[in-house]
> 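One structure is given below, represented as structure tokens, and several questions about it will come after.
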Amino acid sequence: MNNKLFLSDNLSGQKRCFEPCRYDRITIYACGPTVYKVPHLGNFRSFTIFDTLYRFLTYLYPNVIYVRNITDIDDKIIDQARAQNIDPKLLTNSVIESFSMYCEKLNLLPPTFEPKVTDFMNEIIADIQTLIINGFAYEKSHHVMFDTTKYDDYRKFCKDMNTCTGARVEVSVLKNNENDFVLWKPADDFGWDSPWGYGRPGWHIECTSMSRKILGFPFDIHCGGQDLIFPHHTNERAQGWGLCKTECANYWIHNNFVNIDGEKISKSLGNSFDLEELFLDYNPMVVRLFLLSANYKHPLHFSSYAMKNAENLYNKWHRKCHHYNIIGCGRPLQSVVDALSDDLNTPLAITRITEAINDQDNINSQIDVEEILASLDLLGIKFYDHEIDKEINDLINKREIARQNKDYVQADEIRDVLLSRNIVLEDTKLGVKWYKK
RNA sequence: GGCCGAGUGGCAGAAUGGUUUAUGCAGAGGACUGCAAAUCCUUGUAUGUCGGUUCGAUUCCGGUCUCGGCCUCCA
């Protein structure tokens with residue numbers, strides 16, 4: 001492997017050279033959505049970043065297994081379903097459908113596995129039993145709690161974090177220790193039978209059971225939003241250790257948030273908005289480019305100005321490249337590979353692509369065009385398909401005839417018609433070019 | 001209160017112990033165009049603050065200020 005990949009591992013707090021467990025089987029797990037509501041732009045930043053990581057790992061290694069789960073049982077799902085007076089399954093299916101549609105629009109590759117929690121209930125129950133047997137969990141009033149004092153390394157993620165004085169914590173009487181957390185809890189309805197009664201799993205055990213079953217411990221990379229560091233990933237480590245006496249993952253990657261008006265976008269803050277609204281104004285590829293325009297560890301500020309920036313850049317790329325529809329051949333630019341190798345530096349990769357595109361000589365060279373297109377593919381950026389092109393090209397040809405006849409009225413009419421469909425024309429010495437606004 | 005992260009031009013956002021600090025957008029002037037658009041050429045503006053290390057720091061270290069995040073809902 002010529003290119004060494006460096007990743008900021010949050011557990012060690014250091015940027016480390018990536019050494020996979022096995023070169024022939026790279027394993028990566030990303031915490032996916034809880035489907036009580038369609039994920040918002042901030043959620044999709046995470047999925048887009050890890051999709052890009054998946055794409056890059058796939059470029060570097062022959063076989064990459066990418067797992068992104070779907071949490072389809074949870075208190076919020078129950079609450080939301082009750083509020084709408086519908087079956088939770090109906091709710092989750094509908095949200096999953098929208099989620100999949102947005103994933104497709106944003107050109108997120110399907111993960112190798114996309115497990116649902118409800119399909120892993122046997123594994124979850126078995127894992128909780130194992131934790132009890134191994135002495136890491138205790139049963140109390142039909143609950144099963146994880147005993148955090150049994151795991152010496154519990155605080156590695158959050159070192160000296162004071163968990164007591166934060167005010168938001170109410171220590172339940174069920175807990176033997178303040179950090180203990182729920183593995184299983186009783187449920188009135190929407191539950192499963194278990195040795196501890198009818199109930200459902202706590203939030204953290206599901207990812208442990210699914211990742212262990214599908215990937216095995218330790219797998220290579222565990223990723224998610226930075227709000228998951230504590231408690232979710234902290235507790236996953238504890239559970240993994242309790243089950244297997246091993247780390248569950250070798251690298252922990254966390255992305256920063258999308259901010260709007262100086263605050264993170266969040267479902268609970270109520271400042272999130274549906275991607276559908278965004279897609280009315282912007283091409284999904286513009287949204288993807290925006291989401292990759294900042295380093296994943298840094299906050300990304302959402303504004304119409306920032307979106308406009310991304311749109312302008314995308315249009316520029318499109319204008320220069322979309323006529324070269326070459327797919328699946330060529331290697332990406334070395335400069336782009338270098339940028340991504342350094343902790344997935346997507347803003348720098350975007351810069352490198354722009355530099356290459358700005359260099360007219362490159363555009364005249366077929367091989368370099370392929371390099372640019374392969375680089376765009378690494379970032380998951382694509383242009384349009386030929387079907388639409390044909391209709392547009394027909395109109396453009398009609399307008400060219402009008403222009404040759406100096407019938408500028410008709411020529412401008414056609415241009416306006418296309419413009420109303422957000423197609424912008426350019427008359428160049430090499431012919432007419434168009435791009436989509 | 002504890003812990004973590006971030007402060008770069010009008011905006012977004014990279015990089016770097018050193019003669020000239022990207023890239024894109026926006027601005028100004030010019031070329032080109034049936035009109036445009038795009039493109040090309042020219043062009044101005046920045047490293048929160050105070051110290052320290054150094055021949056030299058925006059970059060390393062320390063203080064400080066500001067902002068954001070986590071502290072059992074969260075990507």
Side-chain angles (χ1 to χ4, degrees), chain A residues 10 13 30-34 36-37 39-50 74-76 79 155 157-172 175 178-182 202-204 223-232 234-235 254-259 262-269 272 289-290 293-303 305-317 319-320 339 342 345-355 357-358 360 403 406 408 411-412 415 419 424-430 432-435:
Chain A
N10 246 345
C31 286
T34 301
Y36 70 99
K37 201 173 171 183
H40 55 66
L41 185 66
N43 303 123
F44 275 104
R45 181 182 191 196
S46 186
F47 306 143
T48 303
I49 285 163
F50 300 128
D74 174 85
D75 288 352
K76 284 187 175 178
D79 293 346
R155 287 179 175 275
F157 254 131
C158 40
K159 300 177 185 67
D160 298 322
M161 188 165 70
N162 183 338
T163 54
C164 253
T165 53
R168 243 162 69 166
V169 187
E170 277 182 45
V171 179
S172 162
K175 297 182 179 183
E178 57 163 329
N179 288 122
D180 290 0
F181 55 90
V182 171
W203 173 34
H204 312 296
C223 39
Q226 66 177 18
D227 50 348
L228 297 183
I229 296 170
F230 187 88
H232 189 52
T234 299
N235 291 348
H254 297 103
N255 67 280
N256 210 314
F257 300 117
V258 179
N259 292 340
E263 268 186 324
K264 71 166 178 170
I265 292 181
S266 156
K267 290 177 193 172
S268 47
L269 285 175
S272 62
L289 189 57
F290 165 72
S293 69
N295 187 304
Y296 75 87
K297 289 176 295 187
H298 295 179
L300 176 63
H301 303 283
F302 176 84
S303 67
Y305 207 99
M307 289 305 299
K308 187 67 189 165
N309 270 351
E311 185 172 61
N312 286 337
L313 186 58
Y314 177 77
N315 283 342
K316 178 169 177 158
W317 287 5
R319 273 195 303 274
K320 297 240 186 182
D342 183 11
N345 192 336
T346 52
L348 190 59
I350 288 168
T351 292
R352 296 303 182 223
I353 290 172
T354 304
E355 284 170 353
I357 286 176
N358 278 342
Q360 290 295 313
R403 288 180 72 214
K406 298 206 187 295
Y408 295 122
D412 288 353
R415 185 166 61 185
L419 188 61
V424 182
L425 298 190
E426 293 167 15
D427 300 328
T428 76
K429 282 179 183 166
L430 297 171
V432 183
K433 286 189 177 182
W434 64 270
Y435 65 92

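In what follows, chains are A, B, ... by sequence order, proteins preceding strands, each numbered from 1. All of these numbers come straight from a predicted model, not from anything done at the bench.
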> Please identify each residue that fulfils salt bridge (charged side-chain N to carboxylate O under 4.0 Å, His left out) with A/R45, with sequence neighbours left out.
none
> Categorize A/H254 for me: base, sugar-phosphate, or nothing, with a 4.0 angstrom heavy-atom threshold over every strand shown.
nothing
> Taking only the P atom of each, what is the distance from B/G17 to B/C11 in whole angstrom?
26 Å
> With rounding to the closest Å, how many angstrom separate the C1' atoms on B/A57 and B/G24?
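Their C1' atoms lie roughly 27 Å apart.
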> In whole angstrom, give the distance that lies between atom OH of A/Y305 and atom C1' of B/G13.
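Atom-to-atom, A/Y305 to B/G13, this comes out as 13 Å.
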> With C1' as the reference atom in both, quote the distance from B/A38 to B/U58 in angstrom, rounded to an integer.
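Comparing C1' positions in B/A38 and B/U58 gives a spacing of 36 Å.
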> Choosing from B/C35, B/U23, B/G69, which nucleotide comes nearest the side chain of A/Q226?
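For A/Q226, the side-chain atoms sit closest to B/G69.
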> Between N or O atoms, less than 3.5 Å apart, protein on one side and nucleotides 15-17 of chain B on the other: list the pairs.
| from | atom 1 | to | atom 2 | distance (Å) |
| --- | --- | --- | --- | --- |
| B/A15 | OP1 | A/N345 | ND2 | 2.7 |

> Does RNA chain B take part in any stems of at least 3 consecutive Watson-Crick or G-U pairs (both distances under 3.5 Å), and if so, which ones?
B:1-7 with B:65-71, B:10-12 with B:23-25, B:27-31 with B:39-43, B:48-52 with B:60-64
> Picking from B/C35, B/U39, B/A14, which would you name as closest to the side chain of A/A294?
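Taking heavy atoms from C-beta onward, the closest nucleotide is B/A14.
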> Looking only at side-chain atoms of A/D412, point me to the closest of B/A75, B/C11, B/G34.
B/G34
> Can you tell me how far apart NE2 (A/H232) and SG (A/C31) are? Round to the nearest 0.5 Å.
3.5 Å
> How many Å lie between NZ on A/K406 and P on B/U33, as a whole number?
13 Å
> Side-chain contact, heavy-atom cut-off 4.5 Å: A/D75 with A/W203?
no
> Starting from C1' on B/C73, measure out to CG on A/N43 and report it in whole angstrom.
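Rounding to the nearest Å, CG of A/N43 and C1' of B/C73 are 13 Å apart.
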> Distance check needed: B/G5 P versus A/K297 NZ, whole Å only.
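For the pair A/K297 NZ and B/G5 P, the rounded distance is 11 Å.
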> Does a donor on one side chain sit under 3.5 Å from an acceptor on the other, for A/H40 and A/N43?
yes
> Expressed as a whole number of Å, how far does the C1' atom of B/U59 sit from that of B/G7?
14 Å
> Let me know the distance between NE2 of A/H301 and C1' of B/U8, rounded to the nearest Å.
13 Å
> What integer number of Å spans the P atoms of B/C61 and B/U66?
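So the two P atoms sit 22 Å from each other.
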> Between B/U20 and B/C35, how far apart are the P atoms? Round to whole Å, please.
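Per the computed distance, 43 Å lies between those P atoms.
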> For a quick check of understanding: with a heavy-atom distance under 4.0 Å over all strands, which category does A/G42 fall into, base, sugar-phosphate or nothing?
base
> In chain order, what residues pass the side-chain hydrogen bond (donor to acceptor under 3.5 Å, both in side chains) check against A/N259, with sequence neighbours excluded?
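If we apply the side-chain hydrogen bond (donor to acceptor under 3.5 Å, both in side chains) test to A/N259, skipping adjacent residues, there are no hits.
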> If we take the P atom in both B/U8 and B/C50, what is their distance in whole Å?
16 Å
> Could you tell me how far apart A/E355 (CD) and B/A22 (C1') are, to the nearest whole angstrom?
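Result: 7 Å.
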> Counting the atoms with a prime plus P, OP1 and OP2 as sugar-phosphate, which does A/V182 contact under 4.0 Å by heavy atoms, base, sugar-phosphate, or nothing?
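Nothing, no heavy atom under 4.0 Å.
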> Would you please name every residue forming a ring-ring contact (aromatic ring centres under 6.0 Å, His included) with A/Y296, sequence neighbours left out?
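Applying ring-ring contact (aromatic ring centres under 6.0 Å, His included) to A/Y296 gives none.
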> Closest approach to the side chain of A/N309, judged atom by atom: which nucleotide of B/C25, B/U23, B/A75 is it?
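Nearest listed nucleotide: B/C25.
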> Rounded at 0.5 Å granularity, tell me how far CZ in A/F157 sits from CG in A/N10.
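Answer rounded to 0.5 Å: 6.0 Å.
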> Decide yes or no, distance alone: a donor-acceptor N/O pair under 3.5 angstrom between the base of B/A36 and the side-chain of A/R415.
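Between B/A36 and A/R415, which were checked side chain against base, a qualifying N/O pair under 3.5 Å is present.
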> Measure CZ/A/R403 against C1'/B/A37 and give the value in whole Å, please.
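In whole Å, B/A37 C1' and A/R403 CZ are 11 Å from each other.
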> Residues in ring-ring contact (aromatic ring centres under 6.0 Å, His included) with A/F257, at least two apart?
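Result, ring-ring contact (aromatic ring centres under 6.0 Å, His included) vs A/F257: none returned.
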> Looking only at side-chain N and O atoms, does A/D74 offer a donor or acceptor that is under 3.5 Å from a partner on A/T34?
no
> Report yes or no: is the ring centroid of A/F257 under 5.5 Å from the six-membered base ring centroid of B/G69, with the two planes under 30 degrees?
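Not stacked: fails the 5.5 Å / 30° test.
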> Distance check, C1' atoms only: B/A6 and B/G29, in whole angstrom units.
38 Å
> Has the side chain of A/K308 got a donor or acceptor atom sitting under 3.5 Å from an opposite partner on the base of B/C25?
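Under the 3.5 Å cut-off, the side chain and the base do not form any donor-acceptor pair.
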> Does a side-chain heavy-atom distance below 4.5 Å link A/H204 with A/P231?
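In short, these two side chains touch, coming nearer than 4.5 Å.
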> Would you give the length of the straight line joining atom CG of A/D412 to atom CG of A/L419, rounded to the nearest 0.5 angstrom?
11.0 Å
> Tell me whether the OP1 or OP2 atom of B/C25 has a side-chain N or O from A/N312 closer than 4.0 Å.
no
> Assuming nearest nucleotide by heavy-atom distance, tell me which of A/N259 and A/F44 is located more 5' along RNA chain B.
A/N259
> Out of A/I357, A/T354, A/I353, which one pairs with A/L313 under the side-chain contact (heavy atoms from CB on, under 4.5 Å) rule?
A/T354
> Does A/Y314 make a side-chain donor-acceptor contact with the base of B/G24, cut-off 3.5 Å?
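Side chain to base: no pair below 3.5 Å.
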> Among the nucleotides B/C73, B/G13, B/C70, which one has an atom lying closest to any side-chain atom of A/K76?
B/C73
> Just checking A/K316: base, sugar-phosphate only, or nothing, at a heavy-atom cut-off of under 4.0 Å?
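Result for A/K316 = sugar-phosphate.
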> Would you kindly compare A/F47 and A/T351 by the position of their nearest RNA chain B nucleotide and give the one closer to the 5′ end?
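Per heavy-atom nearest nucleotide, the more 5' residue is A/T351.
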> Whole Å only: how far is the CZ atom of A/F157 from the C1' atom of B/G5?
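So the CZ-C1' distance, A/F157 to B/G5, works out to 15 Å.
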